[in-house]
Amino acid sequence: MRRYQWLLFDADGTLFDFERAESAALRQVFQLIGTAFDPVYLTEYRRINQTLWQEVEKGEVKSTSVKVRRFELLLNTIGMAYSPDALSARYLECLAECSELIQGAAEVLEALHRKYQVAILTNGFQVVQRGRLPRSTIRPYIAEIIISEEIGFAKPAKEFFDVALARLGHPSPQIMPAITGIFDELHLGGIPPPDRMRWLPGSFPCR
């Protein structure tokens, strides 16, 4: 049986229940600014946010521009006058406090970290990723977290994986399985694809 050095996980939607956190954080933000929350705000926000992140993944815009731009577009869409910078800052603070996990994620990592080193590779923002991980029950199982905002490149750019693999000690891709979306991002980044180990969030075990 081959022994792998690293298991690579994405964060949002793979380990962390991002849809749930996103909804809770957005509701909390509008409550903080004294505005009644309308469910359409969440629908419009997700549409805008998804479009912007797709542009990031294509290399058309920097991820840092998404922080405020999504709230500029949201406020314009719902016809509300408020500072997008202030709304963005409050939202990220609220999101960093949400560390709910996908069902089965903690059990999977608890089992896997006994045999392998586990790394998170994410395009998420630093304040969110660094804020919620210490609050999470999976923190003891994570050996490394690599955040696009910190290294200046976003997945699936080759530069992101060059830095990531260097941080992981340049392990051979052939002995480093990828979990869910990381496999395809490695391929898009020009990195020889490893064996595929797929875990469908919400299921157990990982196989």
Side-chain angles (χ1 to χ4, degrees), residues 9-103 105 120-139 142 145-157 159-160 163-164 180-182 185 201-202:
F9 286 82
D10 201 345
D12 298 321
T14 300
L15 299 176
F16 291 97
D17 190 340
F18 188 71
E19 288 192 2
R20 182 175 163 193
E22 181 183 58
S23 175
L26 199 64
R27 288 175 182 274
Q28 186 177 358
V29 163
F30 279 95
Q31 182 179 9
L32 288 172
I33 66 175
T35 300
F37 182 79
D38 187 322
V40 75
Y41 298 167
L42 178 61
T43 301
E44 289 301 316
Y45 172 81
R46 284 177 168 166
R47 177 184 61 80
I48 291 166
N49 194 49
Q50 181 179 19
T51 298
L52 291 174
W53 279 111
Q54 287 173 347
E55 292 175 0
V56 170
E57 292 171 359
K58 293 176 184 176
E60 297 174 355
V61 299
K62 293 288 187 181
S63 61
T64 51
S65 69
V66 175
K67 282 184 182 179
V68 176
R69 181 59 177 160
R70 57 191 177 184
F71 286 102
E72 290 177 348
L73 295 173
L74 176 62
L75 290 168
N76 181 63
T77 299
I78 65 178
M80 178 178 170
Y82 197 84
S83 166
D85 292 88
L87 200 62
S88 173
R90 288 193 170 193
Y91 172 74
L92 292 176
E93 290 172 1
C94 292
L95 195 58
E97 295 175 357
C98 300
S99 58
E100 293 86 354
L101 299 170
I102 292 287
Q103 181 183 1
I120 291 176
L121 276 61
T122 175
N123 280 343
F125 293 120
Q126 178 187 41
V127 65
V128 176
Q129 306 300 334
R130 295 292 180 189
R132 70 182 177 184
L133 186 58
R135 295 184 172 93
S136 174
T137 57
I138 66 172
R139 180 64 189 93
I142 306 301
I145 178 170
I146 299 169
I147 304 170
S148 62
E149 187 178 22
E150 293 181 347
I151 65 176
F153 302 101
K155 297 181 295 175
E159 292 84 354
F160 177 94
V163 174
T180 62
I182 299 289
E185 289 169 336

Rounded to the nearest 0.5 Å, what separates atom SG in C94 from atom CZ in R27? 13.5 Å

Closest heavy-atom pair, L87 versus I33, reported as atoms and distance to 0.1 Å, is CD1-CD1, 3.9 Å

Nearest heavy atoms of V128 and A96, plus distance in Å: CA-CB, 3.9 Å

Roughly how far, to the nearest 0.5 Å, is CZ of R69 from OG1 of T51? 11.5 Å

Can you tell me how far the CZ atom of F16 sits from the CG atom of L101, to the nearest 0.5 Å? 6.0 Å

From the list Y91, Y82, Y41, ring pair (Phe, Tyr, Trp, His ring centres under 6.0 Å) partner of F71 resolves to Y91

is_close_aromatic(Y45, F30), centroid dist under 6.0 Å: no

Rounded distance [0.5 Å steps], CD1 in I146 versus CD1 in I120: 10.5 Å

I need the minimum non-hydrogen distance between S83 and L75, along with the two atoms involved. C-CD1, 4.2 Å

Just by distance, do the side chain of S88 and the backbone of P84 share a donor-acceptor pair under 3.5 Å? no

Indicate yes or no: at least one non-hydrogen side-chain atom of F9 is less than 4.5 angstrom from one of I142. no

In short, M80 meets T35 closest at the heavy-atom pair CE-OG1, 3.5 Å

Are the charged groups of R90 and E93 less than 4.0 angstrom apart, N to O? no

Spacing of E72 atom CD and I48 atom CD1 [to the nearest 0.5 Å]: 10.5 Å

Within a strict 4.5 Å, meaning less than it, do heavy atoms of the I138 and L133 side chains meet? yes

Is there side-chain contact between I145 and R130, with heavy atoms separated by less than 4.5 Å? yes

Nearest heavy-atom neighbours spanning G124 and S148: O-OG, 4.2 Å

Test item: S63 and W53 side chains (from C-beta on) under 4.5 Å apart, heavy atoms: yes

Distance col, row L26:CG vs E44:CD, nearest 0.5 angstrom, shows 11.5 Å

For Q31, I'd like to know if atom CD has over 12 heavy atoms of other residues, nucleotides or ligands within 6.0 Å. no

What do the steps show when you test N49 against E22 for side-chain contact (heavy atoms from CB on, under 4.5 Å), and what is the final call? CA-CA 11 Å; N49 194 49; E22 181 183 58; 3.8 Å; yes

Spell out, as yes or no, whether a donor-acceptor pair under 3.5 Å connects the side chain of R46 to the backbone of E19. yes

Could you tell me whether the side chain of N123 and the main chain of K155 form a donor-acceptor pair under 3.5 Å? yes

Considering only heavy atoms from C-beta outward, does the side chain of T14 approach that of I102 to under 4.5 Å? no

Only residue of K62, K67, Q129 satisfying side chain to side chain donor-acceptor pair (under 3.5 Å) with E149 is K67

